[in-house]
Protein chains: 2
Amino acid sequence: MEEFDQSLPMILNRALDSVLPPYREIFLRYELTEPQWRILRVVWTGEKIKSVDLASRTLLAPASIVGIIDRLEKKGLVSRVRSTSDRRAVYITATAESRKLQEEVSPQIAAIQKRMKSLVSEDDWDHMEQTLVKISYLLNNDLPADMPEATAENRQ
Amino acid sequence: MEEFDQSLPMILNRALDSVLPPYREIFLRYELTEPQWRILRVVWTGEKIKSVDLASRTLLAPASIVGIIDRLEKKGLVSRVRSTSDRRAVYITATAESRKLQEEVSPQIAAIQKRMKSLVSEDDWDHMEQTLVKISYLLNNDLPADMPEATAENRQ
DNA sequence: CTGAAATAGTTAATGTATTAACTATATACA
DNA sequence: TGTATATAGTTAATACATTAACTATTTCAG
């Protein structure tokens with residue numbers, strides 16, 4: 001059992017279980033969800049963004065994005081605009097109303113981020129982040145099945 | 001935007017997105033899901049385990065566990081047994097059939113765990129894990145809202 | 001130019017996740 | 001001894017996640 005409790009998925013899930021509640025507290029007040037927030041964060045950054053780009057930047061599956069956008073649209077927070085140059089593409093834009101929401105909620109989220117970072121030293125934070133990024137990178141590239149060079153390099 | 005991409009939830013989610021696919025590949029072959037696997041891992045360890053204990057050990061919400069057990073029961077992998085001493089409690093036990101599944105799948109999962117750990121040095125791994133555990137601990141205890149000592153100690 | 005293959009978005013089916021409410025039983029205390 | 005309260009499990013409602021399939025375009029090779 002121990003080896004399962006120490007597995008990377010469980011370690012990461014435990015961390016997420018501790019990290020998300022402060023965010024949820026805020027989202028509940030504004031009747032938002034975490035995935036909805038992820039979408040909004042990207043949409044707020046600028047101009048028209050294609051659904052397909054939202055997927056990669058929010059880590060949400062295209063099939064999930066459809067429903068999330070549906071709900072955000074119903075709330076009047078985003079709009080869908082079919083592209084004329086590539087009629088397959090749909091652009092998502094933020095509404096004026098969603099901008100007001102941004103003004104109100106963003107500072108609260110920023111405060112949480114700041115608080116999280118202050119929990120450990122900057123060194124610890126960076127080191128943790130680098131290790132996680134390294135693992136992700138190696139899993140996504142070198143090793144479809146057995147990642148030969150990676151194991152050789154990192155043998156302790 | 002950058003500060004959101006660097007937020008702890010996104011960092012953790014990116015890591016999970018890279019870590020889970022190898023597991024899913026196996027689960028697909030055996031028509032299991034990751035939450036179902038989490039339950040089975042605990043049930044396999046031993047004797048009769050109460051639903052409420054499954055929740056804490058698997059990080060799954062009690063409300064979710066109901067449905068997961070329903071499906072595992074339908075597949076003949078676990079059984080529910082109402083406790084006689086405390087008639088509120090339900091014990092979950094593994095069936096003989098699920099033991100056969102365990103024999104077959106466990107080694108494959110173990111191989112993945114091993115592969116994951118080999119991606120980075122033991123030092124990096126331990127350090128990352130400790131930092132995540134520390135963050136979880138501080139979030140769950142010291143700070144219902146403002147965690148005074150923690151900030152003071154870790155100011156860079 | 002045309003048909004195969006790729007791309008963007010969507011739908012459908014099934015399985016969680018989250019919150020709230022509700023039942024049944026157990027425990028604690030006035 | 002009741003009675004408030006806590007606990008174990010469940011249900012219901014809504015929102016996502018995942019996989020597969022399907023439509024509408026677009027791209028690209030022959």
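Here is the naming used below: chain letters follow the sequence lines, and residue numbers restart at 1 for every chain. Computation of the quantities below employed the complete heavy-atom set of this structure, encompassing side-chain atoms and omitting hydrogens, waters and symmetry-equivalent molecules.
Between A:Asp70 atom CG and C:dG9 atom C1' the separation is 11 Å, expressed in whole Å. Here the C1' atom of nucleotide D:dA15 and the CZ atom of A:Phe27 are 14 Å apart, to the nearest Å. A:Leu77 places its CG atom 13 Å from the P atom of D:dA15, with the value rounded to the nearest Å. Spacing between atom CG of B:Asp86 and atom C1' of C:dA24 amounts to 10 Å, rounded to whole angstrom units. Atom C1' of nucleotide C:dT19 and atom CG of B:Leu60 are separated by 16 Å, given to the nearest angstrom. Distance A:Leu16 CG to D:dA17 P: 12 Å, rounded to the nearest Å. Remark: P of D:dT18 and CD of B:Gln36 are 15 Å apart, rounded to the nearest angstrom. Protein atom CG of A:Leu59 is 11 Å distant from nucleotide atom P of D:dT18, rounded to whole Å.
Nucleotides of DNA chain C nearest to A:Val66 and B:Gly67 differ in position, and the one nearer the 5' end is that of A:Val66. Remark on DNA chain D: of its neighbouring residues A:Ser85 and A:Ala63, the 5'-side contact belongs to A:Ala63, judged by nearest-heavy-atom nucleotide. Residue order along DNA chain C, read from the 5' end via each residue's closest nucleotide, puts A:Ser64 first among A:Ser64 and B:Arg87.
Applying the 4.0 Å criterion to OP1 and OP2 of D:dT10, one finds that B:Arg80 has a side-chain N or O inside that range. Between C:dT16 and B:Arg71, a contact under 4.0 Å exists linking OP1 or OP2 to a side-chain N or O.
Taking every side-chain heavy atom of B:Arg88 into account, D:dA6 is the closest of D:dT10, D:dA24, D:dA6. The nucleotide whose nearest atom lies closest to any side-chain atom of A:Ala61 is, among D:dT18, C:dT25, C:dT10, D:dT18. Checking C:dT10, C:dT16, D:dG9 against the side-chain heavy atoms of A:Ser51 singles out C:dT10 as nearest. Side-chain atoms of A:Lys50 lie closest to C:dA8 of the nucleotides D:dT26, C:dA8, D:dG9. The side chain of A:Ala89 lies closest to C:dG9 when the candidates are D:dG9, C:dG9, D:dT18. Between C:dA8, D:dA17, C:dG15, one nucleotide has an atom nearer to the side chain of A:Val52 than all others, and that is C:dA8. Nearest to the side chain of A:Leu28, among C:dT19, C:dA24, C:dT16, sits C:dT19.
Within the 4.0 angstrom heavy-atom criterion, no nucleotide atom of any strand lies near A:Ile65. Residue A:Ile68 is in sugar-phosphate contact alone, with no base atom involved, counting any heavy-atom pair closer than 4.0 Å across all strands shown. Counting non-hydrogen atoms under 4.0 angstrom, B:Thr33 reaches the backbone sugars and phosphates but no base.
Under a 4.0 Å N-O distance rule, the pair A:Glu34/A:Arg38 qualifies as a salt bridge.
Using cut-offs of 30° and 60° on the angle between ring planes, the pair B:Trp37 and B:Phe27 is tilted.
The backbone N or O of B:Arg88 sits less than 3.5 Å from a side-chain atom of B:Arg82, completing a donor-acceptor pair. Not one N or O on the side chain of A:Ser83 forms a donor-acceptor pair closer than 3.5 Å with the backbone of A:Val90. Within the 3.5 Å criterion, the main-chain N or O of A:Asp124 finds no donor-acceptor partner in the side chain of B:Lys134.
Taking every heavy atom of both residues into account, B:Thr95 and B:Gly76 meet most closely at OG1-O, 2.6 Å.
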